[in-house]
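Following: one structure in structure tokens, then a few remarks.
Just so it is clear, the structure is predicted and the values come from calculations on it, not from any experiment.
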Amino acid sequence: MRTAVFASRNTKEILRDPATLIFGLGFPLVLMVLLSAINAAIPKEAGMKLFEISNLAPGLSVFGLSFFSLFSSMLIAKDRTSSFMLRLFTSPMKPHDFILGYTLPMLPMAVAQSAVCYAAAMIYGLPFNAGVIAALFVNLPIAAVFIALGLLFGSVLSEKAVGGICGALLTNLSAWFSNIWFDTSLIGGWFKTLTDVLPFSHAVNAARAAASGSFGDIFPDLWWVIGYAAVLLAAAVIVFNIRIKKS
Amino acid sequence: MNAIETKDLTKRYKDKTAVDKLCLTVREGELYGLLGVNGAGKSTTIKMLSTLTRPTGGSARVLGFDIVKEAGKVKELINVSPQETAVAAKLSVRENLEFTAKIYGSGGAEARERAQSMLERLDMTETARQKAGTLSGGWQRRLSIAMALISNPRLLFLDEPTLGLDVLARRELWSVIEKLKGDVTIILTTHYLEEAEALCDRIGIMARARLKAEGTAAELKELADTDDFEEAFIRIAEGSK
């Protein structure tokens, strides 16, 4: 009950923030328009497939989710550094009410955001099929990764600092090491190695496989992401609990 | 029954004693003022009594429950209006009230009823639909107190409720607090001595982690041998009385 009440409050706080619409939906959609225009200008003979809508839409749906780290970390940092958290700490709320209350509302929002991204992609010719539906759920583990990072950073950093770390640094890093904007194998070396180690490109690969209906190719990439999600969520819970006790 | 009973309540940090062997008794229904200069130990005392931090020595019972062993029970009976603004900025005034009621266990219908009653009791009906973040400082404090009251606490901690407010907003909040007298036990911390003198049934003065004196404002003035409450506070806090 308390978890649901707190989750409802967090949902309202996030959805009523204009930054949610600007970064969560507006920015990925603007990129889709721009990159589709660029793709239309590239001659077919060039063989450039990265910006074709079947590749672009899954990539952008994953990129859009990176802003969930910003949303969750900002909310948590704001609550933590204001007296609002103090008020809640003196209430009968338990640590699991806080963690689930911050995490659970983000998951349906992540599905909704991906759905909007794929719906927009259909304007550019992406066919609607079971693969698109599957892709919405294939994105959940990477959404959990970003939410967990938000919980982690929001638990330890100030509101100002999380804006820089999650808003600028993390969204850029997750974009560079994702194979969305360029093929990292063209760069090779440590850059490619890091891309393979981090979960972002695996999430994009899994989303592309799902969206194209190649369900057999969703794994093992998705396992990689699920592993990251599990470890980061566990770390976030531990760090958040430590911070609660310290507070 | 006493609302608060502490016996040698102590909080030590690594190299500092924040509260030293505090023995305090607050009766139910009383408005008790806790005064002291910065670092005197007021906030740490409030944090211990509201179960936010564990004491390192001594014991305390709040409404009959041990603050360490029965912290859960204590939390259900108390509420706190913290020093700084403690409202959900993007929720409306009514939503903030309903949210707090539900956190303390009210169902949807009961939460709505309690919110409406609180809006009327604290004259906030006109601002019910306004987002809390857009309220003035005084109204945010009023909302903060309303959020603390909506759970029908038997013990309410008001930590510097009028800090930073202009004279008019402060006087308005005084009348809100005065209306609560008798219904609920209140522990009020403040730096405004005239506020304590005007509102509190009894006042405790803390200095250097210890309770130096307690009594009514008149008794404290008599103890310090002065007619001026500010002078009495200074003499007691500095230890000359």
Side-chain angles (χ1 to χ4, degrees), chain A residues 1-24 70-72 74-102 104-106 109 154 158-159 241-247, chain B residues 43 46-54 62 67 71-92 95-108 111 131-134 140-141 143-145 147-148 150-151 153 155-157 159-161 163:
Chain A
M1 169 67 181
R2 289 191 179 98
T3 301
V5 171
F6 188 52
S8 163
R9 173 262 169 178
N10 295 333
T11 305
K12 286 174 187 165
E13 287 278 346
I14 291 171
L15 292 181
R16 289 175 185 178
D17 189 340
T20 305
L21 283 178
I22 294 167
F23 290 106
L70 178 67
F71 305 152
S72 59
M74 290 279 274
L75 180 64
I76 295 162
K78 205 185 290 177
D79 284 351
R80 193 173 51 77
T81 52
S82 76
S83 293
F84 189 73
M85 194 73 102
L86 195 76
R87 178 189 284 285
L88 297 181
F89 284 163
T90 60
S91 78
M93 279 180 69
K94 302 274 190 300
H96 71 264
D97 292 320
F98 285 99
I99 289 158
L100 292 174
Y102 280 125
L104 292 181
M106 303 276 179
M109 280 190 229
S158 69
E159 192 186 347
N241 274 324
I242 290 170
R243 295 297 296 189
I244 279 187
K245 279 176 189 157
K246 269 195 172 178
S247 299
Chain B
S43 293
I46 300 281
K47 279 184 181 173
M48 285 192 285
L49 294 175
S50 59
T51 74
L52 276 173
T53 188
R54 281 174 170 238
V62 167
I67 57 166
K73 290 272 185 194
V74 172
K75 283 181 177 192
E76 286 171 16
L77 298 172
I78 66 164
N79 212 319
V80 179
S81 179
Q83 197 175 100
E84 292 159 38
T85 306
V87 298
K90 293 197 169 56
L91 264 57
S92 71
E95 284 171 335
N96 265 287
L97 292 170
E98 287 182 11
F99 164 73
T100 314
K102 287 175 184 172
I103 288 292
Y104 280 83
S106 292
K131 297 273 187 297
T134 65
Q140 285 196 1
R141 293 290 170 86
L143 172 59
S144 189
I145 292 174
M147 287 166 75
I150 201 162
S151 62
L155 175 60
L156 174 65
F157 294 96
D159 195 6
E160 308 266 5
L163 187 72

Inset, instruction - Check whether Lys94(A) gets within reach of chain B through its side chain, its backbone, both or neither, counting any heavy atom under 4.5 Å. - result: neither
Legend entry - Pairs of heavy atoms under 4.5 Å with chain B: top-ranked of Arg87(A), Met85(A), Lys78(A): Arg87(A)
Legend entry - Which portion of Asp17(A) sits near chain B, non-hydrogen atoms under 4.5 angstrom: both
Legend entry - Contacting moiety of Ala148(B), where chain A heavy atoms sit under 4.5 Å: both
Legend entry - salt bridge (Lys or Arg N to Asp or Glu O under 4.0 Å) involving Arg54(B) - partner list, sequence neighbours excluded: none
Inset, instruction - Against chain A, work out which of Ser50(B), Pro82(B), Ser81(B) has the most heavy-atom pairs shorter than 4.5 Å and name it. - result: Pro82(B)
Inset, instruction - List the atom of Leu91(B), the atom of Arg16(A), and the distance in Å for their closest heavy-atom pair. - result: CA-NH1, 3.7 Å
Legend entry - Under 4.5 Å from a heavy atom of chain A, the part of Asn79(B) involved: side chain
Inset, instruction - Any chance you could measure Ser8(A), atom OG, to Glu95(B), atom CD, to the nearest 0.5 Å? - result: 8.0 Å
Legend entry - 4.5 Å side-chain heavy-atom contact, Leu86(A) and Leu52(B): yes
Inset, instruction - Output yes when a side-chain donor or acceptor of Lys90(B) lies under 3.5 Å from a complementary backbone atom of Asn10(A), and no otherwise. - result: no
Legend entry - Heavy-atom proximity to chain A below 4.5 Å, by part of Ser144(B): both
Legend entry - Lys12(A) atom NZ, over 12 foreign heavy atoms within 6.0 Å: yes
Legend entry - CD1 on Ile78(B) to OG1 on Thr90(A), rounded to 0.5 Å: 5.5 Å
Inset, instruction - Would you indicate whether the side-chain heavy atoms of Lys47(B) and Phe89(A) approach each other to under 4.5 Å? - result: no
Inset, instruction - Name the region of Leu15(A), side chain, backbone, both or neither, that has any atom closer than 4.5 Å to a heavy atom of chain B. - result: neither
Legend entry - Minimum-distance pair of heavy atoms, taken over all atoms of Pro92(A) and Tyr104(B): CD-CE2, 3.5 Å
Legend entry - salt bridge (Lys or Arg N to Asp or Glu O under 4.0 Å) against Glu160(B), all qualifying residues, sequence neighbours excluded: none
Inset, instruction - Would you name the heavy atoms of Phe84(A) and Val87(B) that are closest together and state the gap between them? - result: CD1-C, 3.6 Å
Inset, instruction - Could you look at Glu98(B) and say if it's the side chain, the backbone, both or neither that has a heavy atom under 4.5 Å from chain A? - result: neither
Legend entry - Minimum-distance pair of heavy atoms, taken over all atoms of Ala88(B) and Arg9(A): CB-NE, 3.8 Å
